[in-house]
Amino acid sequence: MEEYRALFGVPRLILLSLSYWLGESTPCLTYGMRGSIRANLRIESTRKADVHAGVWGGAVNEPLTCLSHVLSRLADPSGRVLIPGFHDGVRAVSAKEEEAMHNLVHWITDKEARAPLVTRTVLSPMADAAAGFDAQKTQSQTAVVDRRAQADLYSQLMQRWRFPTLTVHHMDVSTVAARNNATLVPAAAQASLSVRVVPDQSIDDIAAKLRQHIESVFADIKTQRDQCGDDSRAMLDDLKLHLDVRPNAHWWLADPDTPVYQAAAAAIRAEWQGAAKEADMVHVPLLIREGGSIPAVPWLESFFAPHAVAVNLPMGQSSDNAHLDNERISLENLMRGRQIIQRLVKDIDRVL
């Protein structure tokens with residue numbers, strides 16, 4: 001990109017469509033995504049092979065047990081990340097943000113209670129409402145369920161979009177034999193995890209803190225083992241930590257009140273006019289954020305700064321099974337999405 005930068009001129013708009021609606025029938029416009037950090041850690045024994053637990057158990061170190069202890073000290077049972085200083089850079093939630101999120105939650109629970117993403121997100125209250133159980137409740141009982149459903153959805157959307165998280169994706173052992181044989185002590189164990197970061201966290205800072213914390217926990221576990229008595233020092237092997245931490249994507253946050261986003265919203269409304277009640281069109285599109293990450297978006301904005309503005313125009317619905325089996329997209333959404341892009345590009349010179 002740097003070598004051929006002159007070929008791009010001065011881009012003013014970075015347009016992509018790599019996101020999904022919150023529900024099924026209300027078009028959305030995405031203005032924020034979390035950043036991400038990926039990490040792989042491997043704990044291995046100085047012995048070179050798996051051994052039989054019945055023969056060698058107790059005389060050798062167990063990498064999988066050690067790995068489990070390390071992972072257990074990354075987050076508490078509620079999911080709150082335990083890395084020192086991890087939450088220090090998180091931007092405080094503003095009153096404007098809170099109001100916008102509450103309005104979004106009210107709309108989506110009122111208009112799209114049957115949307116798969118909503119019913120999956122607010123498990124019992126909204127699932128009951130979607131299944132028609134409210135017909136058997138009194139008006140006051142229904143109001144309580146509605147308030148609880150909205151409170152649950154508000155909390156869950158904030159956790160998914162607005163706050164940082166740490167996820168352990170999988171754990172594995174060194175060999176197929178150790179994976180399938182319940183009598184072996186594996187010679188090594190590894191795990192993959194990711195961290196999602198938000199404004200105003202620095203991915204380089206968080207990556208450094210993640211590395212430091214894992215190394216500190218591993219060292220602490222070895223120290224505790226060595227302090228248990230002479231028996232622990234008689235182990236036939238030792239443990240080593242191999243750690244790879246890679247910042248993957250910066251967080252991205254746009255301002256939906258800018259002329260570019262207003263133009264994108266107008267193009268969406270113009271295309272979907274008639275597909276919804278006239279009174280509902282004032283809420284179209286819904287302004288949403290994403291919990292996922294797209295490395296190219298903040299990178300391109302930074303590369304072409306200060307002129308370029310990124311716009312993420314989602315076309316998919318909540319039931320599209322993103323990254324899963326039978327992933328799909330509605331043909332109507334795809335065709336209307338093409339028209340929206342045409343409308344936006346046609347009129348973009350008026351706002352840039």
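Only a predicted model underlies this, so the values are computations on that prediction, with no experimental measurement involved.
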- Any side-chain heavy atom of H106 sitting closer than 4.5 Å to one from Q150? yes

- Task: Flag the pair E271 and R343 as a salt bridge only when some basic side-chain nitrogen lies within less than 4.0 angstrom of an acidic carboxylate oxygen.
- Result: yes

- Query: Got R196 and S36 here, is their nearest side-chain heavy-atom distance under 4.5 Å?
  - Reply: yes

- Message: Quick one, V185 with W56, criterion side-chain contact (heavy atoms from CB on, under 4.5 Å). Give me CA distance, side-chain angles, the key distance, then yes/no.
- Response: CA-CA 8 Å; V185 179; W56 297 101; 6.0 Å; no

- Any donor-acceptor N or O pair under 3.5 Å, side chains D237, T46: no

- Using modelled atom types only, decide if a donor and an acceptor are shared between the side chain of K209 and the backbone of G85 within a distance under 3.5 Å. yes

- Decide yes or no for L239 and F218: does some side-chain heavy atom of the first lie under 4.5 Å from some side-chain heavy atom of the second? yes

- Message: Could you check whether Y31 and Y261 have their ring centres less than 6.0 Å apart?
- Response: no

- Can S78 and D76 be counted as having a side-chain donor-acceptor contact under 3.5 angstrom? yes

- Query: Taking 4.0 angstrom as the limit, do E290 and R160 come out as a salt bridge?
  - Reply: no

- Query: Side chain of H213, backbone of R73: donor and acceptor closer than 3.5 Å?
  - Reply: yes

- Query: Is any side-chain heavy atom of V195 less than 4.5 Å from a side-chain heavy atom of F86?
  - Reply: yes

- Message: Quick check on the hydrophobic clustering: are W299 and I203 connected, directly or via other members, by side-chain heavy-atom contacts under 4.5 Å?
- Response: no

- Task: Answer yes or no: is there a side-chain heavy-atom contact under 4.5 Å between L41 and Q190?
- Result: no

- Indicate, with yes or no, if Y20 and W161 share a hydrophobic cluster defined by side-chain heavy-atom contacts under 4.5 Å among Ile, Leu, Val, Met, Phe, Trp and Tyr. no

- Report yes if some heavy atom in the side chain of R34 is under 4.5 Å from a heavy atom in the side chain of R289; otherwise report no. no

- Task: Starting at CG of L243, measure out to CD of Q212 and round the result to the nearest 0.5 Å.
- Result: 12.0 Å

- Item | Minimum side-chain heavy-atom gap I37-V197 below 4.5 Å | yes

- Short side-chain to backbone donor-acceptor contact, E44 and A187, under 3.5 Å: no

- Message: Using side-chain contact (heavy atoms from CB on, under 4.5 Å), reason through S319 and R328 one step at a time and then give a plain yes or no.
- Response: CA-CA 9 Å; S319 60; R328 58 116 185 165; 2.5 Å; yes

- Any side-chain donor near an acceptor of the partner, S17 and N312, under 3.5 Å: no

- Query: Do the side chains of V70 and L193 join up, straight or via other hydrophobic residues, at under 4.5 Å, putting them in one cluster?
  - Reply: yes

- Task: Kindly indicate whether the side chain of R80, heavy atoms from C-beta on, has any atom under 4.5 Å from the side chain of H87.
- Result: yes

- Test the R336-W272 pair against the cation-pi criterion, namely NZ or CZ under 6.0 angstrom from the six-membered ring centroid and within 45° of the ring axis. yes

- Task: Determine, for D220 against R225, whether the closest basic-nitrogen to carboxylate-oxygen distance falls under 4.0 angstrom.
- Result: no

- If you count the non-hydrogen atoms of other residues, nucleotides and ligands that lie under 6.0 Å from CZ in R91, is the total more than 12? yes

- Query: Do other residues, nucleotides or ligands put more than 12 heavy atoms under 6.0 Å from the CD atom of E99?
  - Reply: no

- Report whether W251 and F303 are members of the same hydrophobic cluster (ILVMFWY, side-chain heavy atoms less than 4.5 Å apart, transitive linking). no

- Using a strict 4.0 Å threshold on nitrogen-to-oxygen distance, state whether K222 and D238 make a salt bridge. yes

- Are I14 and V351 linked, directly or through other ILVMFWY residues, by side chains that come within less than 4.5 angstrom of each other? no

